[in-house]
Amino acid sequence: MDFIFNELSFKDSCADIHGGQLIMENLLQVCKQGRELGMSRLAIRPDFYEQSLLDGYSIRNWLNDQTVRKSFKDLMLSIVRHPYIDNNDTSIEEEFVSSYFYLTNKETSSVEGLAVAYLYRTMAISLYSSEAWNAHQISLNFSKEGYDGQTVKVNHASLTPHIEQHKDWIASRIGV
């Protein structure tokens, strides 16, 4: 079972490079704790490396930053995979294309990573870039033919305590 990255967590940028480094270290700690419980990889969008942590400092810059520990960079590169939806998984792709997902508190914010996490019945993961992502579940408005206006919840983590809250759920999903 893979984590699916929430691309909306890039919308809130850090104040400085140190903040960007800390937010990435936190993401890796959350992934590491999830992996200890049986989570596999971190599914990302193809444009993940070009996303900005702050103006002029992208994930690619972070990976090339000499002040970032090599172990953090190695961990990041060892766990990521893309795209969100496996190329051979046509049923999930069809479901994604025929459905509409929006954050419940922002009608105009369509979501991709959170929606895919819901469809795969896995966990979404976010940068802890704002208090909005300090939640173990995220509510989404879900619509498709016959299911208009339904609210669904996606299991989510942006901090290690969120992983702890999902420990039993992860074990039941993985079969541990």
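Quick note: numbers below take in every heavy atom, side chains included, and nothing from hydrogens, waters or symmetry partners.
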Q: Apply the test side chain to side chain contact (heavy atoms under 4.5 Å, CB included) to residues Y120 and I92: give CA-CA distance (whole Å), side-chain angles for both, the deciding distance (0.1 Å), then the verdict.
A: CA-CA 7 Å; Y120 271 120; I92 294 291; 3.8 Å; yes

Q | Side-chain touch L140/T151, heavy atoms, less than 4.5 angstrom | A | no

Q: Check whether any side-chain heavy atom of I85 lies under 4.5 Å from a side-chain heavy atom of F96, and answer yes or no.
A: yes

Q. Taking L53 as the fixed residue, which of I17, I59, N61 is the one that meets the side chain to side chain contact (heavy atoms under 4.5 Å, CB included) rule?
A. I59

Q: Check each of V116, L114, L119 against F101 using the side chain to side chain contact (heavy atoms under 4.5 Å, CB included) test, and report the only one that passes.
A: L119

So how far is it from [X] [atom1] to [Y] [atom2], rounded to the nearest 0.5 Å?
{"X": "K167", "Y": "S172", "atom1": "NZ", "atom2": "OG", "answer": "13.5 Å"}
{"X": "I125", "Y": "H162", "atom1": "CD1", "atom2": "NE2", "answer": "11.0 Å"}
{"X": "E164", "Y": "I170", "atom1": "CD", "atom2": "CD1", "answer": "9.0 Å"}
{"X": "K70", "Y": "L77", "atom1": "NZ", "atom2": "CG", "answer": "9.0 Å"}
{"X": "I44", "Y": "I4", "atom1": "CD1", "atom2": "CD1", "answer": "11.0 Å"}
{"X": "L42", "Y": "R81", "atom1": "CG", "atom2": "CZ", "answer": "9.0 Å"}

Check residues 19-31 and write down every donor-acceptor pair under 3.5 Å in which the side-chain atom is one partner and the other belongs to a residue at least two apart or another chain.
from: Q21; atom 1: NE2; to: D65; atom 2: OD2; distance (Å): 3.0
from: Q21; atom 1: NE2; to: T67; atom 2: OG1; distance (Å): 2.9
from: N26; atom 1: ND2; to: S158; atom 2: O; distance (Å): 2.7

Output yes when a side-chain donor or acceptor of [X] lies under 3.5 Å from a complementary backbone atom of [Y], and no otherwise.
{"X": "R35", "Y": "S40", "value": "yes"}
{"X": "K73", "Y": "L63", "value": "yes"}
{"X": "R121", "Y": "R173", "value": "no"}

Q. Taking the six-membered ring for Trp, are the ring centroids of H136 and H166 within less than 6.0 Å of each other?
A. yes

Q) For S9, which residues count as a side-chain contact (heavy atoms from CB on, under 4.5 Å) partner, sequence neighbours excluded? A) F5, N6, S126, L127, S129, W133

(Q) Between W169 and N155, does the side chain to side chain contact (heavy atoms under 4.5 Å, CB included) criterion hold? Intermediate values first, please. (A) CA-CA 9 Å; W169 178 80; N155 286 335; 3.0 Å; yes

Q: May I ask whether L54 and Y128 are part of the same hydrophobic cluster, defined by side-chain heavy atoms of I, L, V, M, F, W, Y residues being less than 4.5 angstrom apart, directly or through others?
A: no

Q | Cluster link F10 to L159, ILVMFWY, side chain under 4.5 Å | A | no

Q. Sequence neighbours excluded, which residues qualify as salt bridge (charged side-chain N to carboxylate O under 4.0 Å, His left out) partners of D86?
A. none

Q) Going through the checks in order, is the side chain to side chain contact (heavy atoms under 4.5 Å, CB included) test met by V68 and W62? A) CA-CA 7 Å; V68 174; W62 178 85; 3.5 Å; yes

Q: Mind running side chain to side chain contact (heavy atoms under 4.5 Å, CB included) on V154 and M123 for me, showing each step along the way?
A: CA-CA 7 Å; V154 178; M123 186 176 295; over 6 Å; no

Q | Y84: which of E7, R45, E112 passes side chain to side chain donor-acceptor pair (under 3.5 Å) | A | E7

Q.
For D74, is the CG atom crowded, meaning more than 12 foreign heavy atoms sit under 6.0 Å from it?
A. yes

Closest approach of [X] to [Y] (non-hydrogen atoms, all atoms of both residues):
{"X": "S99", "Y": "K144", "answer": "OG-CD, 3.5 Å"}
{"X": "S139", "Y": "K153", "answer": "OG-NZ, 3.0 Å"}
{"X": "M39", "Y": "T122", "answer": "CE-OG1, 3.9 Å"}

